[in-house]
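Have a look at the structure below, then the notes.
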Amino acid sequence: MAETAKYAAINGGTLFTDMKTQLSLPKTKRTVACAYGFVFIFIVVTTFLAFSPSPNSSSPWFTNIFSLSKEDVGTSYRSQFSSVFSNLFPRSSKNNFEQPHLDKKGLIVEKSENYTQNDDKGGVLETPFNSSSVLSDKESSVVKNETLSEVFDDKVGILMGNQTFDDKVGIFKANQSSIEGSKSAAAVNQTESRDFDDKVGIFKANQSTIEKKSAPKFSSKGKSANVETKRDVDLVKSLLNCDFFDGNWVKDESYPLYKPGSCSLIDEQFNCFLNDRPDSGYLKMKWKPNACSLPRLNATHMLELLRGKRLVFVGDSLNRNMWESLICILKNSVKNQKKVYEESGRHHFRTEAFYSFIFEEYKCRVEFFVSPFLVQQWEVADKKGGKKETLRLDLIGESADKYKDADILVFNTGHWWTHEKTSLGKDYYQEGNHVHKELNVLEAFRRALTTWGRWIDAHINPKKTFVLFRGYSASHFSGGQWNSGGACDSETEPIKNDTYLTPYPSKMKVLEDVFKGMKTRVSYLNITRMTDYRKDGHPSIYRKPNLTLKERRSQWRYQDCSHWCLPGVPDAWNELLYAELLVRLHQKQQEKKS
C-alpha cells in the first residue's frame with residue numbers, strides 16, 4: 001500500500017487529470033508552431049520591404065534605408081541602421097548619424113575620390129565666413145538647414161553646403177533619422193533636385209517641419225555661437241594681413257591637386273607627365289607665404305563660390321596655362337563629368353580666340369579670351385600697297401565687350417612685349433592714324449596699359465565685377481634667349497638662393513603705376529618672384545610623347561622655358577586666386593555688417 005501511495009497523483013487522481021496531462025503535449029506543439037510561423041512571416045515581410053521598397057513610402061526609417069545613393073551605401077550603412085533603431089524605439093536618446101566630415105584637427109575635409117585633395121596641410125576654413133558650422137549630435141538639424149539656406153540664398157557656397165549636395169544629401173539623411181514621425185519632412189527630403197532654387201526650397205521646407213525643441217536661435221542675420229569658430233576668424237585675418245607673394249616653395253607629398261595625366265584637357269605641349277618627363281619633383285611643390293598658410297584649393301567649395309557666375313581669363317598663352325589648370329582642378333571634383341564641357345565641343349585650345357567651359361550643375365562658366373597685348377592688333381597700308389601689322393595702343397582689345405559683364409576677370413600681358421617687333425618698336429606702335437617711327441617698348445607698354453585702365457574704369461562695375469591682374473611669369477632660358485639656343489631641360493630643382501633671382505621687371509613697375517592712377521581697385525597677383533624660383537617647372541623638351549631623348553632634342557628648334565608643365569606652377573596661381581576670392585567674400589560680408 002505504501003508503495004502504491006508513493007506513485008499516486010497528488011490530491012487524488014481523476015480521469016480529467018489524466019486527460020489534461022495527455023493533452024498538454026499537443027498544446028505545447030501548437031505554441032511552438034505559432035511562434036515559428038510568426039518569425040517566418042516577419043522575415044518574409046522584412047525581406048520584401050528590403051528588396052522591393054515602395055517609392056511612395058513615407059516612413060522615416062524606411063526612407064533612410066533606401067534613399068541613399070549607391071556611393072553612400074558602403075560608408076553609411078551603420079548610421080542608417082542606427083536611425084532605424086532610433087525610429088523603432090523613439091525613447092532612445094542616442095543619435096548615431098554621422099556629422100559633417102572632420103579630420104583630427106577639426107578641419108573640414110572634402111569627402112571625395114579626388115587625387116590627394118583630402119590632405120589639406122595648408123588649412124581649410126572650418127566654416128568659411130560664418131556661413132555654416134558643425135553641430136553636435138544633440139542639436140536639431142534645423143540649425144544646419146537654416147544656415148545652409150542663408151548660405152545659398154547669398155550664393156556663398158560653403159564647404160558644408162558643398163558636402164550636403166555633392167556627398168549625396170548626407171544632412172538630409174541625418175534630418176530623417178532625427179525627426180520623430182514627421183512624414184512630410186521625410187517626403188521633402190526624398191526630393192533630389194539639382195536645381196539651386198529647388199535646393200533652397202527644400203531647406204526652407206525642412207525648416208518649417210523640423211521640431212525646434214533643441215535648436216539654438218539664429219539672429220536675423222542667421223548667426224549663432226555655433227556658426228562662427230575662432231579658427232575660421234583667425235584664418236581669414238591671417239589672409240587679410242598676409243603678403244601672399246613673399247614666401248618660398250616647400251615640398252609637399254600631398255600635391256598636385258589632381259592626378260598627373262588624368263586631365264585630357266591639358267594641351268599636349270603642357271602635359272609633361274604624359275610626355276615622359278622622367279623626374280617628378282616639380283609636381284610635389286607647394287607655395288608657402290612667410291606670414292600665413294594658404295588654404296588648399298577646395299574645388300567643390302570654389303565651384304560654389306562661382307555658382308551662377310562667369311570667371312573670365314583674358315591675356316596671352318600664360319593665362320591659357322592658368323585657365324587650363326583651373327579647368328582641370330574644378331572638373332576633377334565634379335561627380336558627373338558629362339556635365340562639364342566646352343561650349344562648342346572643343347577639346348584643343350590653341351586655335352580659337354575664345355573658349356568657354358560650362359559647369360552645368362553649378363550654372364557657371366570659366367572662359368578664356370585670347371588678347372596677348374590687351375589692346376588691339378591692327379593693320380595699315382604700307383607704301384608698297386600691301387598691309388603691315390601695327391599695335392593700336394589707344395584701343396582696348398576687340399573682345400572686351402564680350403567679357404565686360406563677367407563677375408570675375410583675370411588679366412595678364414607681358415611675354416609678347418619681348419618679341420622682336422615690340423622690343424624694337426619701329427613702325428609698329430600706332431595711336432589714331434599715326435604710326436610711330438620708333439617708340440620705346442616700355443613707353444608703349446605704359447600707354448597700352450593706360451588704355452586698358454581707362455577702359456576698366458569706364459566699363460566695369462566694381463560692385464559686380466572683381467578685377468584681378470596676374471603679373472609677369474618668369475622665364476628660365478639658360479645659354480641664350482628663347483630664339484637663340486636657350487635651354488632648361490636639365491633643371492630638376494627650384495632656385496634656393498635668392499641671389500640667383502632676376503630683378504623685378506620694369507614692365508611690372510609700370511603696371512603698378514597704372515594701378516595707382518585707376519579709380520577701380522585691381523587685385524594684383526604678383527607672381528613674378530614666386531615663378532622666378534621655379535626654373536624646374538617648364539616643359540622644355542617634354543612637349544610631345546613617345547620620343548627618344550635624341551629625338552626630343554632634335555624635334556624642337558626652341559625649348560619652352562616660358563610656359564609651365566601641368567600639373568605644376570599655374571596650380572599655385574589658382575590657389576592664390578582662391579585665397580583672393582575668400583578674402584573678397586569676407587570683406588563683402590563685413591561691409592554688410594557695417
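Both backbone and side-chain heavy atoms feed into the values below; hydrogens, waters and symmetry mates do not.
- Contact between L294 and K286 at its shortest, heavy atoms only, is O-NZ, 4.3 Å.
- The ring-ring contact (aromatic ring centres under 6.0 Å, His included) search around Y524 returns F515, not counting sequence neighbours.
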* Quick one: do E367 and R310 satisfy salt bridge (charged side-chain N to carboxylate O under 4.0 Å, His left out)? Show the steps, please. => CA-CA 7 Å; E367 304 175 359; R310 284 180 72 201; 2.6 Å; yes

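- Residues F244 and C292 are in side-chain contact: their nearest non-hydrogen atoms beyond the backbone lie under 4.5 Å apart.
- Separating the OG atom in S356 from the OH atom in Y403 is a distance of 15.0 Å, to the nearest 0.5 Å.
- Judged by distance alone, the side chains of R584 and S523 never bring a donor and an acceptor atom under 3.5 Å apart.
- Counting heavy atoms of neighbouring residues, nucleotides and ligands inside a 6.0 Å radius, atom NZ of K251 exceeds 12 of them.
- Across T531 and V569, no two heavy atoms sit closer than the pair CG2-CG1, 4.0 Å.
- Taking both residues in full, the closest heavy atoms of F445 and K507 are given as CE2-O, 3.1 Å, listed atom of the first, atom of the second, then distance.
- For W287, the ring-ring contact (aromatic ring centres under 6.0 Å, His included) partners two or more places apart in sequence, or in a different chain, are W249.
- No hydrogens or angles considered: a donor-acceptor pair under 3.5 Å links the side chains of N319 and R470.
- With hydrogens and angles left out, the side-chain atoms of W455 and T451 include no donor and acceptor closer than 3.5 Å.
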* Stepwise side-chain contact (heavy atoms from CB on, under 4.5 Å) test for T465 and I408 -> CA-CA 5 Å; T465 303; I408 303 164; over 6 Å; no

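- Inter-residue side-chain proximity for L525 and E580 is flagged as met; some heavy-atom pair is nearer than 4.5 Å.
- A donor atom on one side chain and an acceptor atom on the other are not found under 3.5 Å apart for Y282 and H538.
- Scanning all heavy atoms of the two residues, the minimum distance from E361 to V334 falls at OE2-CG1, 3.8 Å.
- In this structure, R534 forms no cation-pi arrangement with W564, as its terminal cationic atom is not both closer than 6.0 Å to the ring centre and no more than 45° off the ring axis.
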* To do: Would you sort out whether E304 and R307 count as a salt bridge (charged side-chain N to carboxylate O under 4.0 Å, His left out), showing the intermediate values?
  => CA-CA 5 Å; E304 286 293 351; R307 183 180 286 278; 2.8 Å; yes

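- Counting heavy atoms from C-beta outward, R296 and S254 have side chains that approach closer than 4.5 Å.
- Using a 4.5 Å heavy-atom cutoff, the side chains of L374 and F411 are in contact.
- Using a cutoff of 4.0 Å between basic side-chain nitrogens and carboxylate oxygens, E512 and K516 are not scored as salt-bridged.
- In plain terms, the two heavy atoms of P256 and K284 that are nearest each other are CD-NZ, 4.3 Å.
- Y533 and D498 share a side-chain donor-acceptor pair at under 3.5 Å.
- Separation of the Y472 and H415 ring centroids falls under the 6.0 Å cut-off.
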* Going through the checks in order, is the salt bridge (charged side-chain N to carboxylate O under 4.0 Å, His left out) test met by R365 and E343? -> CA-CA 9 Å; R365 293 169 174 264; E343 185 175 32; 3.1 Å; yes

* Worked verdict on K496 versus E493 for salt bridge (charged side-chain N to carboxylate O under 4.0 Å, His left out) -> CA-CA 8 Å; K496 297 178 181 178; E493 293 287 338; 3.8 Å; yes

